[in-house]
Engineer: 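Below you'll find the structure I mean.
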Amino acid sequence: LYYRANFEKGKQYPMIVNLYEVQSKDLFVYVNPTLYNANGFNIANLTAKGYFVFLPDTVFETEQTGDCALRCAETAVSTVLQRGEIDSKRIGLIGHSFGGYETDYIITKSRLFACAVAGAAITDLVSAAHAVAPIVNRPNFFKVEHGQARMSGSLFEEKQRYIDNSPLFFADGVQTPLLSWTGHDDPQVLATQTMEFYMALRRLGKEHVMLVYPGEEHNILGRIADADLTKKIESWFARYLQSGPIEDWMKPK
């Protein structure tokens, strides 16, 4: 848990929760404040802007990937709220790659977060498993069955598990304003995964903005693009957690 700059005891502040898997191993890693972040997330930037930043660990069980992420996130945040330093109505959620998957799944079920940001996320395990991953030029079966998705079997052996752990099939449960982003040429998690979830949320009339960066891959490395992503993510959090302005790019087109 990173404290905001100029913390004053007795006051409550907004908090941003970043998800992946086990993050406690990076406890002593320092990140310089900068606009040039491959996933738009910078702890030093955010603490300087008045946020607590929380990086909980997530522990998974086979075939319960989504629900494990949900339980770990809600339990961890509930524990931090007991300290009395965080405003429970001003908590944001963010994740990239597998953390993006966790973020999208959690907001289909949880009402804990005032806004969320998901980058390069798998949203549909069915289509993800049956796509070809350009980075390895082979089907994605291995990633979904034995990688982070932890399905342990094929769609035809675990059909309901694939559906139960896919955010797309529960998009109607989303009440959290979501900013999603993807590199158009992502060879690890195809951009269509982000687009599928965007289309579902758009069809349902949910509050959602999607950013697609041409020529970028799983991480945003272009100096103009990564600064743009960082600024937009920070503006998104400012809008929902600090009553910041509604910028033009946030308005539906």
Engineer: Using the ring centroid of each side chain, check whether Y20 and H96 are separated by less than 6.0 Å.
Structural biologist: no
Engineer: So, do F60 and F98 have ring centers that fall under 6.0 Å from each other?
Structural biologist: yes
Engineer: State, without any angle test, whether D164 and Q64 hold a side-chain donor-acceptor pair at a distance under 3.5 Å.
Structural biologist: no
Engineer: Between W181 and L229, is any pair of side-chain heavy atoms under 4.5 Å apart?
Structural biologist: yes
Engineer: Under a 4.0 Å threshold between the charged nitrogen and the carboxylate oxygen, would E63 count as salt-bridged to K159?
Structural biologist: no
Engineer: What's the separation between atom OG in S166 and atom CG in D124, rounded to the nearest 0.5 Å?
Structural biologist: 5.0 Å
Engineer: Is the shortest heavy-atom distance from the side chain of D226 to the side chain of L221 under 4.5 Å?
Structural biologist: no
Engineer: Could you go through the salt bridge (Lys or Arg N to Asp or Glu O under 4.0 Å) check for E145 and R161 one step at a time?
Structural biologist: CA-CA 11 Å; E145 293 177 29; R161 295 291 190 188; over 6 Å; no
Engineer: Can R90 be said to sit on top of Y240's aromatic six-ring, NZ or CZ under 6.0 Å from centre and within 45° of the ring axis?
Structural biologist: no
Engineer: Should E8 and K11 count as an ion pair when the cut-off is N to O under 4.0 Å?
Structural biologist: yes
Engineer: Between K49 and E234, does any side-chain N to carboxylate O distance fall below 4.0 Å?
Structural biologist: yes
Engineer: Looking at W249, is K232 sitting on its ring face, NZ or CZ under 6.0 Å from the six-membered ring centre and within 45 degrees of the normal?
Structural biologist: yes
Engineer: Has H130 got more than 12 heavy atoms of other residues, nucleotides or ligands less than 6.0 Å from its NE2?
Structural biologist: yes
Engineer: Report yes if some heavy atom in the side chain of V77 is under 4.5 Å from a heavy atom in the side chain of T79; otherwise report no.
Structural biologist: no
Engineer: Looking only at the side chains, is there a donor atom on one of D57 and S24 sitting less than 3.5 Å from an acceptor on the other?
Structural biologist: yes
Engineer: I want to check something: taking the side chain as every heavy atom from C-beta on, are S180 and L211 in contact at a cut-off of under 4.5 Å?
Structural biologist: no
Engineer: Roughly how far apart are L93 CG and L19 CG, rounded to 0.5 Å?
Structural biologist: 4.5 Å
Engineer: Can you find a pair of side-chain heavy atoms, one from D104 and one from L178, that are under 4.5 Å apart?
Structural biologist: yes
Engineer: Is any side-chain heavy atom of R83 less than 4.5 Å from a side-chain heavy atom of L1?
Structural biologist: yes
Engineer: So, do Y105 and D67 sit near enough that their side-chain heavy atoms are less than 4.5 Å apart?
Structural biologist: yes
Engineer: To the nearest 0.5 Å, how far apart are CD1 in I107 and CG in L70?
Structural biologist: 11.5 Å
Engineer: Each residue besides M210 in its hydrophobic cluster should be listed here, by chain and number; the cluster joins Ile, Leu, Val, Met, Phe, Trp and Tyr at side-chain heavy-atom distances under 4.5 Å.
Structural biologist: M195, Y198, M199, V212
Engineer: Using the benzene-type ring in the case of Trp, are the ring centres of F52 and Y2 under 6.0 Å apart?
Structural biologist: no
Engineer: Less than 4.5 Å apart, side chain to side chain, heavy atoms only: is that true for C68 and V59?
Structural biologist: no
